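Following: one structure in structure tokens, then a few remarks.
In each ligand, atom 1 is the first atom listed, and ligand 1 is the first ligand listed. The model shown is predicted, which means the values in this text are computed figures rather than measured ones.
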Amino acid sequence: MDRYERVPIEEERRDERVRKFALIDHPYTLEEAVLEGQRCLQCAMPYCIQGCPITQDARGYNILIGERDFDGAARLTLRDNPLATVLCKTCYHFCEDDCIMAGRGVPIAIRHLKRAALEFGKSDLLYVPSKRKEERIAVVGAGPAGLMAAWDLGVRGHPVTVYETEPFLGGQINTIPRYHLDEDDLDTDLARWKNLDITFVAGKKAGVDYTPQSLLAEGYEAVLVAVGASKARTLGIPGEELPGVYHALPFLLAMNKTPEGLYGRKERRVVVIGAGDVALDAARSARRLSDGGDVQLVYRRGPEDMKATQEEKSGGEIEGIQYVFYRSPKAILGSERVEGLRVERTEHGPPDAHGRRTLRVVPDSEETIPCDTVIVAVGEVADVSGFDADLGFKFASMGWPEGSREGWMTDVEGVFATGGRSVVHAMAAGERAAAAIDAYLAKKHGRAPEPRPDPFGGAKPPALPDGYGGATWTP
Ligand SMILES: Cc1cc2nc3c(=O)[nH]c(=O)nc-3n(C[C@H](O)[C@H](O)[C@H](O)COP(=O)(O)OP(=O)(O)OC[C@H]3O[C@@H](n4cnc5c(N)ncnc54)[C@H](O)[C@@H]3O)c2cc1C
């Protein structure tokens with residue numbers, strides 16, 4: 001086999017995809033995984049590791065798979081990645097973008113090999129805490145940032161309590177459609193955590209039931225706020241309250257948790273407003289939910305401005321999503337429920353003072369797109385109601401609150417805040433916040449800060465692999 005060609009990943013048949021929520025990517029067989037692992041060039045300078053926000057040793061597990069040591073590959077994967085079962089199907093694989101093979105052929109299928117490591121290797125391992133530390137830490141928000149921080153601090157030996165407003169854990173992971181992620185994947189990951197001193201308190205909302213400061217007053221020595229950006233941004237146009245209008249996050253959550261409450265599987269005419277990954281997930285899910293019904297994605301700019309990943313865009317094309325570009329929503333029409341979306345045409349105007357392309361509405365260009373369902377997917381914002389202004393949150397461009405001091409500490413001593421733009425970015429942010437919290441507590445109690453120990457109780461903390469040149473990611 002040509003080293004520059006990837007061992008093909010079998011996919012769900014294209015004509016059947018839109019009728020069910022089955023995982024699109026089929027797993028490698030053991031022999032296919034071995035062949036793909038053997039393609040890895042074992043670079044002296046591993047750009048794959050450098051490109052990974054949590055510095056997964058992909059080069060290391062690739063070679064182990066190539067040598068048929070799946071147990072070793074699973075253990076190496078899980079050593080730095082406590083949500084590996086989720087990430088082996090959903091990660092946007094920044095490692096593959098940076099893989100040197102990308103320049104010569106097709107990058108190694110690193111994400112898919114992670115899945116093979118967990119499926120063929122012994123992956124029901126248990127994490128163990130290091131020597132117990134007495135300082136209790138609270139984490140607010142059980143998304144990937146909060147979970148990663150809790151795991152990291154738990155492995156360091158801290159007792160951690162994670163507070164979560166929803167009745168379930170995982171944050172936005174719960175909105176990822178089932179054609180990308182299986183229902184029990186997060187539980188599979190969390191099962192490995194059972195020996196860590198981590199307590200989950202679900203159904204309790206910060207700003208209502210407690211605040212970061214009240215948690216400090218209760219005796220927690222540090223608090224991490226990892227509440228993400230979980231409130232849907234609205235369009236603010238007439239008709240947004242009509243029956244038949246959904247916002248993407250609650251729509252996708254309901255799709256996974258309570259699909260019976262959503263619209264019936266009849267022929268539907270759905271319009272999704274937006275052009276990011278969440279919009280594509282909503283459109284592709286709506287097409288499945290309506291049994292192959294008519295789904296249009298309306299965007300006020302052109303294809304080149306879409307923020308969705310190539311994987312999502314081509315998935316949408318394959319599955320028959322119709323793209324309607326250069327249309328700006330003006331009103332959602334209907335009396336009892338949605339009957340149409342009123343839009344205006346847009347076009348590019350002259351560049352602004354900063355040289356950026358501008359967009360303007362074409363005069364007298366209104367038209368109506370008939371539809372019975374509208375899904376609004378125009379971004380998310382954080383819900384920080386009830387949080388004290390003294391925390392001095394700043395907000396990331398994608399909405400989550402952050403602390404502005406060293407290690408994301410907020411203006412209140414001992415309270416930290418962070419989040420991330422993808423699962424792995426959020427995990428990396430949680431990991432860094434955990435290290436900062438541990439260093440803060442070590443200083444406060446006169447201890448020397450230490451690296452995170454081996455999470456399986458090994459003698460030495462994990463070292464970064466040879467050739468690693470330093471992380472390149474930003475949250
Ligand atoms: C539809 C969709 C699909 C996605 N697909 C992918 C994908 O395929 N791959 C990928 O890498 N990324 C994907 N993402 C992005 C990824 O899920 C997010 O970047 C990531 O979850 C952010 O993690 P976080 O921990 O910062 O925030 P969140 O995941 O939002 O978690 C925050 C948690 O805090 C809780 N919370 C909020 N307010 C409070 C409060 N006041 N008190 C207590 N708890 C609170 C929330 O309920 C939530 O559990 C997707 C996102 C969406 C919406």
(Q) Please determine whether any non-hydrogen atom of Y210 lies less than 4.0 Å from an atom of ligand 1. (A) yes

**Q.** Ligand-side contact atoms (ligand 1) for residue partner V140, heavy atom cut-off under 4.0 Å
**A.** 42 (N), 43 (C)

Q) Among protein heavy atoms, which lies nearest atom 44 (N) of ligand 1, and at what distance? A) T165 N, 3.2 Å

Q. So, does D277 sit close enough to ligand 1 that a heavy atom of it is under 4.0 Å from the ligand?
A. no

Q. Taking NZ, NE, NH1 and NH2 as the nitrogens, is one of them in K89 or D185 under 4.0 Å from a carboxylate oxygen of the other?
A. yes

(Q) Strictly below 4.0 Å, N to O, side chains only: are D281 and R284 in salt-bridge contact? (A) no

Q: Check ligand 1 against R421 and write out every atom of the ligand that is under 4.0 Å from a heavy-atom position of the residue.
A: 19 (O)

**Q.** Protein residue, atom and distance nearest to atom 39 (C) of ligand 1, heavy-atom basis
**A.** V227 CG1, 3.5 Å

Q) Against heavy atoms of A226, which atoms of ligand 1 measure under 4.0 Å? A) 32 (C), 33 (C), 34 (O)

Q) If hydrogens are left out, which of E164, H425, E380 has an atom nearest to atom 48 (C) of ligand 1, that is, the closest non-hydrogen atom? A) E164

Q: Identify the protein heavy atom lying closest to atom 11 (O) of ligand 1, giving its residue, its atom name and the separation to 0.1 Å.
A: V423 N, 2.9 Å

**Q.** S230 neighbourhood, listing ligand 1 atoms whose heavy-atom distance to it stays under 4.0 Å
**A.** 37 (C)

(Q) Give me the nearest non-hydrogen protein atom to atom 6 (C) of ligand 1 as residue plus atom name, then the distance to 0.1 Å. (A) Y92 OH, 3.0 Å

Q: Looking only at distances, please establish whether an N/O atom of ligand 1 is found under 3.5 Å from an N/O atom of G170.
A: no

(Q) Just to confirm my output: which protein heavy-atom neighbour is closest to atom 19 (O) of ligand 1, and how far is it? (A) G420 O, 2.9 Å

Q: Look at K313 together with E317 and state whether they make a salt bridge at an N to O cut-off of under 4.0 Å.
A: no

**Q.** Option with minimal heavy-atom separation from atom 33 (C) of ligand 1, where the choices are P177, C91, G379, G143
**A.** G143

Q) Does R115 make a cation-pi contact with Y28 (under 6.0 Å, within 45 degrees of the axis)? A) no

(Q) Just to confirm my output: which protein heavy-atom neighbour is closest to atom 9 (N) of ligand 1, and how far is it? (A) T90 O, 2.8 Å

Q) Taking the six-membered ring of Y210 as reference, does the NZ or CZ atom of K204 fall below 6.0 Å from its centre and within a 45° cone about the axis? A) no

Q. Which ligand 1 atoms does E166 reach within 4.0 Å, using its non-hydrogen atoms?
A. 47 (O)

(Q) Side chains of E312 and H180: any donor to acceptor distance under 3.5 Å? (A) yes

Q | Exam field: side chain D277 to backbone T309, donor-acceptor pair closer than 3.5 Å | A | yes

(Q) Only heavy atoms of T175, strictly under 4.0 Å: list the atoms of ligand 1 that pass. (A) 1 (C), 2 (C), 52 (C), 53 (C)

Q: Among all protein heavy atoms, pick out the one at the shortest distance from atom 30 (O) of ligand 1; state its residue, atom name and that distance to 0.1 Å.
A: Q172 NE2, 3.2 Å

(Q) Please list, in number order, the atoms of ligand 1 under 4.0 Å from a heavy atom of L252. (A) 1 (C)

Q | Short N-O contact, K205 and E164, less than 4.0 angstrom | A | no

Q. Do any nitrogen or oxygen atoms of T418 lie less than 3.5 angstrom from nitrogen or oxygen atoms of ligand 1?
A. no

Q | V278 N/O under 3.5 Å from ligand 1 N/O | A | no

(Q) Using 30° and 60° as the class boundaries, would you call the ring planes of F325 and Y323 parallel, tilted or perpendicular? (A) parallel

Q: Please determine if R156 and D438 form a salt bridge, counting it only when a charged side-chain N lies under 4.0 Å from a carboxylate O.
A: yes

Q) Which residue and non-hydrogen atom of the protein lie closest to atom 27 (O) of ligand 1, and at what distance in Å? A) G228 CA, 3.4 Å

**Q.** Close approach of W400 to ligand 1, heavy atoms, under 4.0 angstrom
**A.** no

Q: Determine whether the side chain, the backbone, both or neither of L249 has a heavy atom under 4.0 Å from any heavy atom of ligand 1.
A: side chain

Q) Are Y127 and W151 close enough that their ring centers fall under 6.0 Å? A) yes

Q. Between R39 and E36, is the closest basic N to carboxylate O distance under 4.0 Å?
A. yes

**Q.** Ionic contact status for E12 with R17, cut-off 4.0 Å
**A.** no

Q: Check each atom of ligand 1 against the heavy atoms of A145 and keep those under 4.0 Å away; list them by number with element.
A: 25 (O), 26 (O)

Q.
Using a 3.5 Å cut-off on N or O atoms only, is H180 in polar contact with ligand 1?
A. no

Q.
For Y220, does the six-membered ring have the charged nitrogen or CZ of R136 within the cation-pi criterion, i.e. under 6.0 angstrom from the centroid and within 45° of the normal?
A. yes

Q. So, for H425 and F94, is the gap between ring centers shorter than 6.0 Å?
A. yes

